[in-house]
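In what follows, a single structure is set out as structure tokens and then discussed.
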Amino acid sequence: MTPPGALDALADLDDLAEVGRDRDRGGYSRHLWDDAELELREWFRARATALGLDVEQDRNGNLWAWWGQPGPGALVTGSHLDSVPGGGAFDGPLGVVSALEAVGRLRRSGVRPERPVAVVAFAEEEGARFGIACLGSRLMTGSVDPARARALIDGDDVTLEQAGRRCGFDTDGLGPDPERVGWIEQFIELHIEQGRGLVDQGSAVGVASGILAHGRWALSFHGQGNHAGTTPMSDRDDPMIAAAQAVLAVQRVAGATSDGRATVGRMSVVPGGTNVIPSEVRLWVDVRSATDVEVRSMVAEIAAEVGATSFRQESWSGAVTFDPDLAARVAGVLGDVPILPTGAGHDAGVLSESLPTAMVFVRNPSGISHAPGEFAEAADCAAGVAALETALRDLLR
Ligand code: HGY
Ligand code: MN
Ligand code: MN
Ligand code: MN
């Protein structure tokens, strides 16, 4: 553990380097309330407490570290600690460690804010365990029904409610938290860029202009399970064929658009035996584009083509335009850095529906994310912390 006096975002990431390392897939697997994510939560509490911040967990499982009495007018910064399966080290945690580092620097420099400041770590941003992206911030803002959330089931048929109970978190309190949302005057999230925009523009940091519309749909294809050796090809009702055709349809529909994106990154075969014709194949589609209408049109075209037994929306995020004044103010105080869009969803996108929100991006040389190869240079991470500190200092003036 890095001693408080030598706080440094990268040292913090080093502290976390072994937490949730995925030996099979590479990268990190840190999912809501699993051992790795619970360890990250404990790390956050210890780190924030060492900074002199007051840590609390809200009714939706989000962690808040307060500088000053929680209440109206709050300037909030932070991100998430969870990952996708086999994800990178930076997506999420870089925003949290940078926020702690920046707030630590403001405190040590003698800043005396006239309003509350908080660092937040939102729960289940990736939706990797229970399927809904940005679950913690959506529950807080009331855009996900708490009863639906409690009943969500993970890949091991564990409900969110059971998972919460196993780690001592009572999910009976899940739900809208309008008072807390009302406390937040501005939210600013630092994040590694998931793309090469800053590389192309030659800047270590940038500011987000908006987020693509995006959603997730669960498809299932039913057939007749049977024996792989005793069932002639002419006698089969094999759902894998329809599922394979659906993957090709997803690729074709997205490929025919100007900049739409659609991905089948997850599939499950029931029962999953090598010598068994499946009885069911489930797959999940992630569809994104510049506008809600474009996404809906792509999804309708896919649904019409694939003939799935069931086709269910799991998660939806409309296109986001961040507060232009706040984006311009942050970009300006950082020396007129680039303002650019992103295809990646964020809790900042969820909050932008309720309050002025901005994002600071840190250059990612390869642009790779949601994969072990995700990386940001130390100098750029340091530039990110300095930028966040500058932006926070400016907003606290
Ligand atoms: O999926 C996303 O865009 C984000 O990384 N959760
Ligand atoms: Mn992500
Ligand atoms: Mn993220
Ligand atoms: Mn047999």
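Heavy atoms only: backbone and side chains are in, while hydrogens, waters and symmetry mates are out. Remember, it's 1-based here, ligands and their atoms both numbered in the order they're listed.
Using a non-hydrogen distance threshold of 4.0 Å, His346 does not register as a contact of ligand 1. Using a 4.0 Å heavy-atom cutoff, Gln194 is listed among the residues neighbouring ligand 1.
Near Glu125, with a cut-off below 4.0 Å to any heavy atom, the atoms of ligand 1 are 4 (C), 6 (N). Residue Ala344 approaches ligand 1 through these ligand atoms, each under 4.0 Å from one of its heavy atoms: 3 (O).
Nearest to atom 4 (C) of ligand 1 among the protein's heavy atoms is Gly345 O, 3.3 Å. Nearest protein neighbour of atom 5 (O) of ligand 1, counting heavy atoms only, is His370 NE2, 2.9 Å. Closest to atom 6 (N) of ligand 1 among all protein heavy atoms lies Glu126 OE1, 2.9 Å.
Panel note: side chain Arg138, backbone Ala133; a donor-acceptor pair is recorded below 3.5 Å. The main-chain N or O of Ala99 is never found under 3.5 Å from a side-chain atom of Thr77 such that the two would form a donor-acceptor pair. No donor-acceptor pair under 3.5 Å is formed between the side chain of Asp235 and the backbone N or O of Pro232. Side-chain N or O atoms of His80 include one that pairs as donor or acceptor with a backbone N or O of Asp82 at under 3.5 Å. Between the side chain of Ser366 and the backbone N or O of Ile368 there is at least one donor-acceptor pair closer than 3.5 Å.
The nearest N, O or S atom of His191 is closer to the Mn ion (ligand 3) than 2.8 Å. Between the Mn ion (ligand 2) and His80 there is no N/O/S contact shorter than 2.8 Å. Within the coordination shell of the Mn ion (ligand 3), defined by N, O or S atoms under 2.8 Å, Asp91 is present.
With a 4.0 Å cut-off on non-hydrogen atoms, Arg288 touches ligand 1 through its side chain and not its backbone.
Side chains of Asp91 and His370: a donor-acceptor N/O pair is present below 3.5 angstrom, by distance only.
Proximity of the aromatic rings of Trp183 and Trp66 is defined here by a centroid distance below 6.0 angstrom, and this criterion is met.
With the Mn ion (ligand 2) as the vertex, atom NE2 of His370 and atom OE2 of Glu126 span an angle of 110° (nearest 10 degrees).
Residue Glu114 places its CD atom among 12 or fewer non-hydrogen atoms of other residues, nucleotides or ligands, all under 6.0 Å distant.
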